[in-house]
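Notes follow the structure.
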Amino acid sequence: VFIFGTRGCEWLPNNRVLKSINSSQLYISNKNKCILECNSLIEKVFHLIEKGDVNFNKSKTKERIREYLIEHEGMKLTIAIDPNDSISTIKSIDSPLKDCHCDSMNSQIVPLFMPNEMALSKLNAKSLIFDSIFKCQSNCLKISENITNELFSKGHIIMEHSYPKRKPNPLYLIELKKNKSVLLFLVQEGASKTRLKQVIEINNSKIDVYKKYINGQYIDKNCPCILP
């Protein structure tokens with residue numbers, strides 16, 4: 001069970017640091033990502049940046065790129081924040097770890113996304129809103145609004161082509177396999193509501209469809225619902 005919420009008193013230094021990290025894209029080296037995956041710790045990372053305690057005595061707060069040691073439930077991470085690029089980078093992991101043979105991995109920095117099940121649970125925890133175009137497309141495709149039960153339990157978020165850190169409202173592409181086809185949902189996350197904006201049917205995963213769809217440039221000829 002995943003529980004999401006906001007910490008009160010956002011003006012406190014601890015909460016300002018966590019908010020800054022959560023509002024930026026999180027990055028990590030391939031080696032450290034391998035270590036987290038091997039130890040099944042990625043979910044704990046996202047709990048840490050949501051609810052962790054910043055150890056300011058062991059943090060570097062005077063540099064342009066500040067490094068913060070954050071602790072939560074036995075896990076310790078050092079995370080660097082670059083205010084000019086709106087990114088945060090996990091620099092080191094200080095937790096009990098098993099040997100995962102990750103030394104051969106390169107040090108290239110890659111995005112670290114919230115695990116699929118955790119992200120779906122976060123979206124499903126909010127009130128759902130159905131846009132008029134979504135309702136039109138659903139009728140055309142003969143799917144009911146109850147499809148959301150499957151969407152948030154079996155769907156797959158295509159994080160590489162989504163905008164999880166878009167401000168003020170993140171956008172997600174979520175695939176749901178149905179029989180021999182795939183339903184592709186466009187979902188917008190708000191502060192307290194999750195908005196289902198569109199749904200189309202595709203025969204297979206296509207990168208060009210992803211790009212056009214999430215940027216509002218895709219026209220579904222099979223279900224030509226018109227945006228209001």
(request) Check whether any side-chain N or O of Thr194 sits under 3.5 Å from a backbone N or O of Leu123 as a donor-acceptor pair, and report yes or no. (result) yes
(request) Determine, for cysteines Cys100 and Cys34, whether their SG atoms are under 2.5 angstrom apart. (result) no
(message) With a 6.0 Å cut-off (strictly less than), is the heavy-atom count around CD1 of Ile219, excluding the residue itself, greater than 12?
(response) no
(message) When you measure from the side chain of Ser162 to the backbone of Leu173, do you find a donor-acceptor pair of N or O atoms at a distance under 3.5 Å?
(response) yes
(message) Donor-acceptor check, side chain of Asn124 to backbone of Leu120, threshold 3.5 angstrom: yes or no?
(response) no
(request) Flag yes if Leu77 and Met105 sit in one hydrophobic cluster, no otherwise; membership is Ile, Leu, Val, Met, Phe, Trp, Tyr, and two members link when side-chain heavy atoms are under 4.5 Å apart. (result) no
(message) Strictly by ring-ring contact (aromatic ring centres under 6.0 Å, His included), give each pair with a member in residues 143-171 just once, sequence neighbours left out.
(response) His161-Tyr210
(request) Report the distance from atom CG of Leu69 to atom CG of Asn57, rounding to the nearest 0.5 Å. (result) 10.0 Å
(request) Verify, without hydrogens or angle tests, whether Asn116 (side chain) and Ile157 (backbone) share a donor-acceptor contact under 3.5 angstrom. (result) yes
(message) Between Asp220 and Cys225 (side chain of the first, backbone of the second, donor and acceptor by atom type, cut-off under 3.5 Å), is there such a pair?
(response) no
(message) Does the SG of Cys223 lie under 2.5 Å from the SG of Cys136?
(response) no
(message) For the NZ atom on Lys193, are there more than 12 heavy atoms of other groups (residues, nucleotides or ligands in this structure) within a distance under 6.0 Å?
(response) no
(request) For the pair Tyr213 (side chain) and Leu184 (backbone), establish whether a donor and an acceptor sit closer than 3.5 Å, ignoring hydrogens and angles. (result) yes
(message) Going by ring-ring contact (aromatic ring centres under 6.0 Å, His included), name the pairs with one or both residues in residues 114-145, residues two or more places apart or in two chains.
(response) Phe130-Phe134
(message) Salt bridge or not between Lys126 and Glu189? Use side-chain N to carboxylate O under 4.0 Å.
(response) yes
(message) Checking the side chain of Asn215 only, and the main-chain atoms of Gln217 only, is there a donor and an acceptor separated by less than 3.5 Å?
(response) no
(request) Examine distances only and state if a side-chain atom of Asp99 and a backbone atom of His101 form a donor-acceptor pair shorter than 3.5 Å. (result) yes
(request) Rounded to the nearest 0.5 Å, what's the gap from OH on Tyr172 to NZ on Lys197? Could you check? (result) 14.5 Å
(message) Is there a continuous path of hydrophobic side-chain contacts, each under 4.5 Å between heavy atoms, that joins Val110 to Leu112?
(response) yes
(request) Supply the atom-to-atom distance Asp94 CG to Ile70 CD1, rounded to the nearest 0.5 angstrom. (result) 13.0 Å
(request) Give a yes or no answer on whether the side chain of Asp82 reaches the backbone of Ile87 with a donor-acceptor pair at less than 3.5 Å. (result) no
